Trainee: 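Dropping a structure here in structure tokens format, bear with me for questions.
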Amino acid sequence: MEKKRFGFAIIGTGGIAGIHAQAIEAIDNAKLVGVYSVQGAKEFAEKYNCAVYDTIDELLQVDEVDIVCVCTPSGAHLDPAIKSIEAGKHCLIEKPLEVRLEKTDQIIAAAEKNHVTVAAVYPGRFYEVSLELKNAVDKGRFGNMVLGNAFVKWNRSEAYYNSAAWRGTWELDGGGALMNQGIHQVDMLQWLMGPVDYVQAITANVKHKNIEVEDTVVAIVKFKSGALGTIQCSTAVYPGEFKQLEIMGTTGTVIMEDNHITKWQFEQEEEKDNYVRETFSEKSASKGGVSDPLSISYWGHQKQIEDIMNAIETGTNPLVDAPEARKSVEIVCAIYKSAQSGQIVKL
């Protein structure tokens, strides 16, 4: 049976839009039809061989477009998402789904009302090593969860924040190191450790004094399972380190650095454990976004795009649908509320 061919449109031409375009190009039954952006659309279209549209409405009238990739600044996802959804287009929205819960909930409600599929971009979930780790959690190999820790200790230059007026603002960036850089790890942490009960946090602006938001944050987390955890994020660290995730239970520990394993040990060894250790111990050639946000592979985006295509064809939910993507936004917003109030914030 011949696969359905999906037509894609991209709204926004920031750096991440190019990653989407490369991922779409790598998929046999996907085609980038067109792009709309307030700036840079002509150059983007020439580079990725697609049409330019002068307005969002004009783009959304194109029958060939099935899925819209929303790649605008984080706090400007709502308008293009709602317009796309109301036009009957499925949406893949860059992380976070939106920067405020009320905006996130508007997107979820619109998707439900219009019967379209909406997913948010969290490519880290799609790597084989992540799926092996999730499988170990689901099988109960960790026993009772004890600690879950997420670390993103990266470096961003002044030039990075100066490269676009929206960067480092509450309105359009939605926050700093946590909302922009750390939210991928927040998503992974809650996916593996389960729902969060409450958080308590402090933030600082150590290096980047000309931005509205934090460049460093530390939060303690209480999970509903009774496990504890920490989240540390920064864009002020030189030279920066690979992101790290620690999942620790009464009968097992896994430590993952970027997309490779540094520790995979369980009280009850299984036949596949050696395969996992040997296969995923090699460090990636990618710099993992440590000091350059675009030093990442498009492979994870490709797998996520294939996932939403499959979900649409089969009538199932994508791995990171809109309600699932809401969870990380809620955690991040709770951490900011705690840092501002000095209080524990319950989710």
Side-chain angles (χ1 to χ4, degrees), residues 3-14 16-21 23-25 27 29-42 44-45 48-122 166 172 301 304-326 329:
K3 286 183 178 180
K4 172 178 166 56
R5 188 165 178 82
F6 285 86
F8 285 79
I10 293 177
I11 297 177
T13 55
I16 203 66
I19 301 291
H20 283 253
I24 292 164
E25 191 175 33
I27 301 169
N29 58 322
K31 179 187 177 184
L32 180 57
V33 176
V35 62
Y36 165 76
S37 182
V38 293
Q39 58 185 20
K42 185 172 181 288
F44 187 91
Y48 296 107
N49 192 29
C50 66
V52 177
Y53 292 89
D54 294 329
T55 67
I56 291 179
D57 293 335
E58 185 183 343
L59 175 62
L60 296 176
Q61 287 169 11
V62 179
D63 290 337
E64 195 182 352
V65 173
D66 302 295
I67 301 171
V68 175
C69 297
V70 177
C71 300
T72 54
S74 302
H77 288 169
L78 181 65
D79 183 58
I82 294 293
K83 284 184 175 179
S84 300
I85 290 165
E86 289 180 344
K89 308 298 185 183
H90 306 287
C91 283
L92 180 62
I93 302 172
E94 257 302 328
K95 60 78 190 166
L97 196 60
E98 247 292 354
V99 299
R100 299 290 175 261
L101 276 179
E102 55 270 24
K103 289 184 174 184
T104 301
D105 289 338
Q106 286 180 57
I107 293 172
I108 293 170
E112 290 174 352
K113 180 182 176 182
N114 291 275
H115 307 290
V116 301
T117 300
V118 174
V121 176
Y122 288 99
W166 65 272
L172 291 176
H301 279 71
Q304 181 139 30
I305 289 169
E306 290 170 349
D307 178 66
I308 192 173
M309 290 164 59
N310 179 67
I312 293 164
E313 273 206 289
T314 59
T316 56
N317 290 332
L319 179 58
V320 196
D321 63 11
E324 183 67 13
R326 182 189 191 275
V329 177

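Values in this document were obtained by computation on a predicted structure and should not be read as measured data. Throughout, residue positions are numbered sequentially from 1 according to the sequence presented.
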Trainee: For a 4.5 angstrom cut-off between non-hydrogen side-chain atoms, does I10 reach F44?
Mentor: yes
Trainee: Working note: R326 + L101, criterion side-chain contact (heavy atoms from CB on, under 4.5 Å); need CA distance, chi angles, decisive distance, verdict.
Mentor: CA-CA 7 Å; R326 182 189 191 275; L101 276 179; 3.8 Å; yes
Trainee: Between atom CG of D321 and atom OG1 of T117, what is the distance when rounded to the nearest 0.5 Å?
Mentor: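 Result: 9.0 Å between the selected atoms.
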Trainee: So, do C91 and I85 sit near enough that their side-chain heavy atoms are less than 4.5 Å apart?
Mentor: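 Answer yes - side chains close enough.
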Trainee: Begin from the C-alpha positions of L60 and V68 and carry the test side-chain contact (heavy atoms from CB on, under 4.5 Å) through to its verdict.
Mentor: CA-CA 9 Å; L60 296 176; V68 175; 3.9 Å; yes
Trainee: At what distance, to the nearest 0.5 angstrom, does CG of L59 lie from CG of D54?
Mentor: 10.5 Å
Trainee: Do the non-hydrogen side-chain atoms of I27 and M309 ever get within less than 4.5 Å of each other?
Mentor: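 A side-chain contact under 4.5 Å exists here.
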Trainee: Any chance CD of E306 has more than 12 other-residue heavy atoms, nucleotides or ligands included, within less than 6.0 Å?
Mentor: yes
Trainee: Between L78 and I107, is a side-chain contact (heavy atoms from CB on, under 4.5 Å) present by the stated rule, with each step listed?
Mentor: CA-CA 7 Å; L78 181 65; I107 293 172; 3.7 Å; yes
Trainee: Can you tell me how far apart CH2 (W166) and CG (L172) are? Round to the nearest 0.5 Å.
Mentor: 8.0 Å
Trainee: Is any side-chain heavy atom of L92 closer than 4.5 Å to a side-chain heavy atom of V121?
Mentor: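 The answer is yes, as the side chains (C-beta and beyond) meet within the 4.5 Å cut-off.
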Trainee: Does atom NZ of K4 have more than 12 heavy-atom neighbours, drawn from other residues, nucleotides or ligands, at distances under 6.0 Å?
Mentor: yes
Trainee: Hey, could you give me the SG/CD distance between C69 and E94, rounded to the nearest 0.5 Å?
Mentor: 8.5 Å
Trainee: Can you find a pair of side-chain heavy atoms, one from H77 and one from K103, that are under 4.5 Å apart?
Mentor: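 No, their side chains stay 4.5 Å or more apart.
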Trainee: As a quick check of understanding, evaluate side-chain contact (heavy atoms from CB on, under 4.5 Å) for L32 and N49, giving each step before the final call.
Mentor: CA-CA 8 Å; L32 180 57; N49 192 29; over 6 Å; no
Trainee: Quick one: pull up CD in E86 and NZ in K89 and give me the separation to the nearest 0.5 Å.
Mentor: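 Those atoms lie 13.5 Å apart.
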Trainee: Any side-chain heavy atom of H301 sitting closer than 4.5 Å to one from I16?
Mentor: yes
Trainee: Report yes if some heavy atom in the side chain of I305 is under 4.5 Å from a heavy atom in the side chain of I67; otherwise report no.
Mentor: no
Trainee: Do E313 and F6 touch side chain to side chain, with heavy atoms closer than 4.5 Å?
Mentor: yes
